[in-house]
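What follows is a set of notes on a single structure, which appears directly below.
Here is the naming used below: chain letters follow the sequence lines, and residue numbers restart at 1 for every chain.
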Amino acid sequence: MEYNFSEIEKKWQKNWNDTKAYKVSNISSKPKYYVLDMFPYPSGAGLHVGHPLGYIASDIYARYKRLKGFNVLHPMGYDAFGLPAEQYAIEHGIHPAISTENNIKNFRSQLDKIGFCFDWDREVKTCDAKYYKWTQWIFLQLFNSYFNRVIQKAEPIEKLIATFTQEGNIHNEIPDASFQPSNSKFQISNSKFSAEEWNAFDEKTQQEILMQYRLAFCGYGEVNWCEALGTVLANDEVVNGVSERGGHPVIKKKLRQWYLRITEYADRLLQGLQTVDYSDAMKEMQTNWIGKSIGAEISFQIVKGKTLNNSNSFTTYHSPLTVYTTRPDTIFGVDFCVLAPELDYIMDIVSAEQKQAVEEYITYVKSRSDRERQAEKKITGCFTGAYAINPFNNKNIPIYISEYVLAGYGTGAIMAVPCGDERDFKFAKHFNIPITNIIGEHFNGEEANPTKDAILSNSHFLNGIVMKDAIEIVVDKLVELKIGKRKINYKMRDAAFSRQRYWGEPFPIKWKDGVAIPLNEKDLPLLLPDVETYSPGPEGEGPLANIESWTIQQLETNTMPGYAGSSWYFLRYMDNENETEFASKQATDYWNQVDVYVGGTEHAVGHLLYSRMWTKALYDLGFISFDEPFKKLVNQGMIQGSSRFVYRITLRADISELNSNELISNKFNSNKNIFISKSIFEKVKDNQELANQLLKSKFSELGIEGFEKLKNIEAALSVLHVDVNMVDGYELNIEEFKKWRNGEYANAEFILEDGKYMCGAEVEKMSKSKFNTVNPNDLVEKYGADTFRMYEMFLGPVEQSKPWDTKGIEGVHRFLKKLWRLFFDEMKGKVWNEEKATDTELKILHKAIKKIEEDTERFSYNTAVSAFMVCVNELADTKCNKKEILEPLLILLTPYAPHITEELWHTLDNVTSVLDANYPTFNPQYLVESSKEYPVSINGKLRTNIVIALDATQQQVEQIVLANDIVKKWVEDKPIKKIIFVKNKMINVVV
RNA sequence: GCCCAGAUGGCGGAAUUGGUAGACGCAGCAGACUCAAAAUCUGCCGUUCGCAAGGAUGUGCAGGUUCGAUUCCUGUUCUGGGCACCA
């Protein structure tokens with residue numbers, strides 16, 4: 001009886017399905033455990049071997065926890081709204097709902113073959129109206145809430161309105177300090193208004209003000225606008241400043257956008273990190289993203305640039321230049337100021353001489369993405385002709401604009417201190433701005449020194465003070481002189497929450513006279529209507545703007561972004577059929593936080609921060625009773641593709657002296673595909689002469705005539721991706737290659753090495769376009785799901801990225817066959833027996849239990865797989881076929897290879913499923929040792945091993961070691977300084 | 001440019017807290033079984049010197065701390081992920 005994996009896997013998958021083996025109840029006496037995978041987007045390309053890595057990891061953990069006696073929730077669903085389906089619809093006219101549904105079917109059938117323990121009854125799809133009804137509902141909660149800064153918590157907006165009518169906004173300052181109502185009749189001074197003022201505002205003004213507080217709010221923001229395509233582009237649709245499709249210019253354009261006021265949660269998001277089990281790197285990335293910094297805002301009076309008709313006098317601009325700085329101590333080292341080029345008032349302060357240059361520079365910056373602006377090494381900028389006055393010494397400071405200052409951070413203006421900041425230093429050098437040294441010898445004139453420990457000089461009242469002490473002194477002074485204030489800043493910006501696209505959740509919002517009116521909750525879901533075309537609407541609006549029945553109702557034409565549905569899906573799994581609530585309180589109280597969340601670091605700051613914010617908001621509003629969604633995060637690495645290359649050599653020559661008959665009859669064209677093997681390519685790639693010779697001899701070998709008539713022969717080399725699936729290791733399967741791409745290379749010629757065509761290789765991202773994707777189903781077909789699962793885990797640590805190589809899968813398959821042979825012999829049939837196990841056999845088993853349990857617990861699956869191999873190897877060596885040993889081993893292996901273990905489990909006369917067996921308990925008594933073979937080093941170099949009893953004392957050890965011949969040889973008669981003895985580890989003799 | 005991570009044999013990786021570098025597997029080499037192949041089993045397998053015994057050397061690179069460093073520190077190179085509208 002041999003290991004027939006395909007039959008076994010089919011059988012048990014059907015059985016588990018029929019018996020609803022993975023159905024999970026919300027009511028159980030067992031402790032709960034929630035294992036979640038990051039929401040997949042069902043892409044049209046289907047699964048490749050990289051996708052299931054995390055799913056297998058979480059599946060193993062879920063199954064392990066179940067064996068450990070937990071009620072385990074392990075659901076799966078689809079983040080089904082998204083750009084690719086819409087793009088596909090634009091190109092093929094197929095409704096995204098249809099293509100998405102097809103993709104999901106394909107995804108599901110691929111997943112099913114791998115044998116996951118998902119409870120499919122809990123499946124959710126974000127594009128399903130039953131689901132997005134609740135996404136819209138949560139949006140309304142956010143819209144109808146504000147963040148009370150006093151208690152650091154979201155509250156219903158009614159409460160804020162009530163406060164306004166009684167006390168104005170004395171205790172609730174407007175988050176955006178520069179806000180003014182559009183109706184100039186109602187101006188707000190100092191961001192403050194009284195109850196009387198509030199009550200006097202008209203309805204529209206009141207709504208405008210409330211919008212400044214709502215957690216989901218409307219504002220204006222810049223988007224990538226492509227005039228030629230008439231549409232807004234995603235960042236990754238823009239390459240080098242032009243659209244990826246068509247290469248049209250892309251500029252920044254301001255459009256009305258929805259936002260989530262995540263900045264209000266900045267501090268809570270930071271604090272929450274202390275309560276969750278994420279990697280330090282992950283916490284650091286989120287912390288840096290939030291980017292909290294403590295500093296000060298300082299106001300400088302602006303002296304406007306000269307105007308032509310009034311060339312001698314400077315005038316003071318009506319409002320000051322406010323900069324944000326974390327280093328107010330360097331105030332006397334400010335040699336210039338830099339503004340973000342998009343600030344409105346630049347054109348008000350620019351001098352006539354500089355006007356044109358500034359305008360040109362602003363146009364240039366408009367075509368640049370934030371990323372490009374920050375990554376740019378070349379220093380660019382433009383003087384405005386205006387000056388800022390240093391409030392402490394009245395020094396005139398030139399004002400520049402430059403792309404390295406971003407409008408979105410701080411005030412969009414900086415005070416530049418070249419002696420202390422590298423970018424400022426380079427800028428000063430570039431524009432020949434004199435540098436003031438305020439840190440004495442700490443500044444060498446060659447590079448900036450960002451120290452905080454220098455003693456200040458050239459700094460008036462700060463002279464002689466250490467920089468870090470000066471910070472507070474300056475801030476106090478700023479406050480005293482009313483020219484600045486203490487300020488905490490966050491790098492994080494409010495989250496843009498709308499897209500000018502079709503395939504997303506519609507906003508439950510109507511517009512009336514410029515006021516956003518939320519739909520009534522009972523009118524949800526607001527269904528996504530069908531459209532004729534998926535092309536954009538007028539003025540950069542989304543496709544919904546093309547539907548008259550939509551616009552006539554004055555419904556919002558933007559749709560929600562991809563992360564709307566994925567910000568709360570983990571809650572819906574808890575109670576996915578609920579039609580009256582997003583999830584019942586009973587369900588969310590029972591399942592509570594996700595205990596283990598498995599996914600890639602690519603979601604480090606996007607998805608994870610958004611879902612953390614949504615959770616906090618829902619918590620604040622009393623809908624759930626926990627304010628962090630994910631207790632523990634496990635980051636899986638990416639599986640990279642291992643691409644294979646072939647090398648083509650083509651002829652370039654002057655054929656003018658050939659007549660056309662010759663051209664047709666000769667075989668230059670039909671034989672243009674000549675491929676040379678890797679090592680030959682390596683030889684000729686930098687040697688044109690050799691390449692030409694190679695080509696010439698190949699042509700004469702092929703009997704192609706007329707070669708000698710050609711002039712200026714030149715061999716051209718090109719490197720082409722070739723499908724990894726037709727390469728065995730590095731050797732190309734030439735027959736398959738000839739059939740590839742509808743026989744494009746059917747007539748190809750090859751120059752081989754040792755009779756083989758060897759390919760080049762490189763590790764790249766796994767993607768269809770690189771022909772390096774491997775379909776998991778092909779491997780499941782060939783080796784079975786159990787082998788595939790274990791091999792994915794055996795590749796390396798879950799959290800590490802690694803290239804895929806199918807070759808090694810044989811080893812894991814052999815392991816399972818070897819396990820099988822412990823139960824069944826090809827000749828003899830059943831070999832397992834019920835004899836009593838020996839101490840040696842128990843030791844093998846318990847060593848495995850200890851190692852595998854520990855490794856599974858810490859997601860070190862690759863070493864666990866090794867431990868299984870070691871165990872089975874040792875059992876085979878000792879010819880152990882005893883049920884007493886094999887049965888617990890099967891349970892250990894169940895999370896990793898559920899099919900084979902279920903089959904063998906039943907072979908051992910069990911009638912219930914192995915899925916609910918009891919995990920074996922480790923007994924340390926079987927592993928007790930009395931002595932150890934100690935490695936003995938002399939001066940840190942290993943020289944010998946000596947077996948010594950474990951209870952030996954330092955003196956006994958020293959005696960034994962010094963009596964050893966090899967030790968004596970190395971010690972010779974040098975004096976012994978010290979003997980280091982670490983019990984159960986090693987011995988080192990220092991001479 | 002900024003933030004984060006990684007780098008160990010021909011390859012994937014192991015070494016969990018500073019203590020025998022290379023577990024386990026792949027590939028390769030030699031052998032057993034076989035008419036043969038497959039399957040299976042046994043042995044070898046970082047580099048280098050040596051017939052061997054045994055030595056030297058070796059964890060991206062350059063330094064440092066330590067009796068002892070793949071592990072800690074400083075600097076540096078390269079690769080991967082993210083940088084706010086891919087998901």
Check: Think A:Q800 has a side-chain N or O under 4.0 angstrom from the OP1 or OP2 of B:rG13?
Finding: yes

Note to self: Please determine whether any donor N or O and acceptor N or O are separated by less than 3.5 Å between the side chain of A:E284 and the base of B:rC3.
What the structure shows: no

Note to self: Less than 3.5 Å apart, any donor N or O on the side chain of A:Y610 or A:S566 sitting next to an acceptor on the other?
What the structure shows: no

Item checked: Which residues share a ring pair (Phe, Tyr, Trp, His ring centres under 6.0 Å) with A:W804, sequence neighbours left out -> A:Y791

Checklist line | Integer angstrom distance from the P of B:rG13 to that of B:rU66 | finding: 34 Å

Checklist line | With sequence neighbours excluded, residues passing salt bridge (Lys or Arg N to Asp or Glu O under 4.0 Å) with A:R644 | finding: none

Notebook entry, point to check: Quick one: on RNA chain B, does A:V982 or A:I809 contact a more 5' nucleotide (nearest heavy atom)?
Noted result: A:V982

Check: In whole Å, what is the span from the CE atom of A:M986 to the P atom of B:rG68?
Finding: 11 Å

Margin query: Give the residues of residues 251-262 of chain A touching RNA chain B, defined as any heavy atom closer than 4.0 Å, sorted by residue number.
Written below: A:Q257

Note to self: Applying a 4.0 Å non-hydrogen cut-off, can you work out what A:M38 is touching in the nucleic acid: base, sugar-phosphate, or nothing?
What the structure shows: nothing

Margin query: Apply the syn/anti split at 90° from 0 to B:rG12 and say which one it is.
Written below: anti

Margin query: Between the base of B:rU17 and the side chain of A:K985, is one N or O donor paired with an acceptor at under 3.5 angstrom?
Written below: no

Checklist line | Spacing of A:M766 atom CE relative to B:rC86 atom P, expressed in whole Å | finding: 23 Å

Item checked: Integer angstrom distance from the P of B:rC78 to that of B:rU16 -> 31 Å

Item checked: Donor-acceptor pair (no angle test) under 3.5 Å: A:N288 side chain, B:rC3 base -> no

Margin query: Distance check needed: B:rA15 C1' versus A:L942 CG, whole Å only.
Written below: 15 Å

Checklist line | Between P of B:rG13 and CD of A:E792, the distance in whole Å | finding: 13 Å

Note to self: Expressed as a whole number of angstroms, how long is the span from A:N635:CG to B:rC3:P?
What the structure shows: 20 Å

Checklist line | N/O (side chain, A:R814) to phosphate O (OP1/OP2, B:rA39) under 4.0 Å | finding: no

Checklist line | Closest listed nucleotide, where the reference is the side chain of A:K807 and the choices are B:rC26, B:rC24, B:rG1 | finding: B:rC26

Checklist line | Value in whole Å for how far the P atom of B:rU66 lies from NZ of A:K941 | finding: 17 Å

Checklist line | Interatomic distance at C1', B:rC3 relative to B:rA56, whole Å | finding: 43 Å

Note to self: Tell me whether the rings of A:Y569 and A:H607 are parallel (<30°), tilted (30 to 60°) or perpendicular (>60°).
What the structure shows: tilted

Check: With A:R256, which residues qualify under side-chain contact (heavy atoms from CB on, under 4.5 Å), at least two apart?
Finding: A:C218, A:Y220, A:W258, A:W511, A:E556, A:N558

Notebook entry, point to check: Touch check for A:V936, heavy atoms < 4.0 angstrom, all strands: base, sugar-phosphate only, or nothing?
Noted result: nothing

Margin query: Could you work out, with ring pair (Phe, Tyr, Trp, His ring centres under 6.0 Å) as the rule, every residue matching A:Y404, not counting sequence neighbours?
Written below: A:F427

Notebook entry, point to check: For A:F570, which residues count as a ring pair (Phe, Tyr, Trp, His ring centres under 6.0 Å) partner, sequence neighbours excluded?
Noted result: A:F630

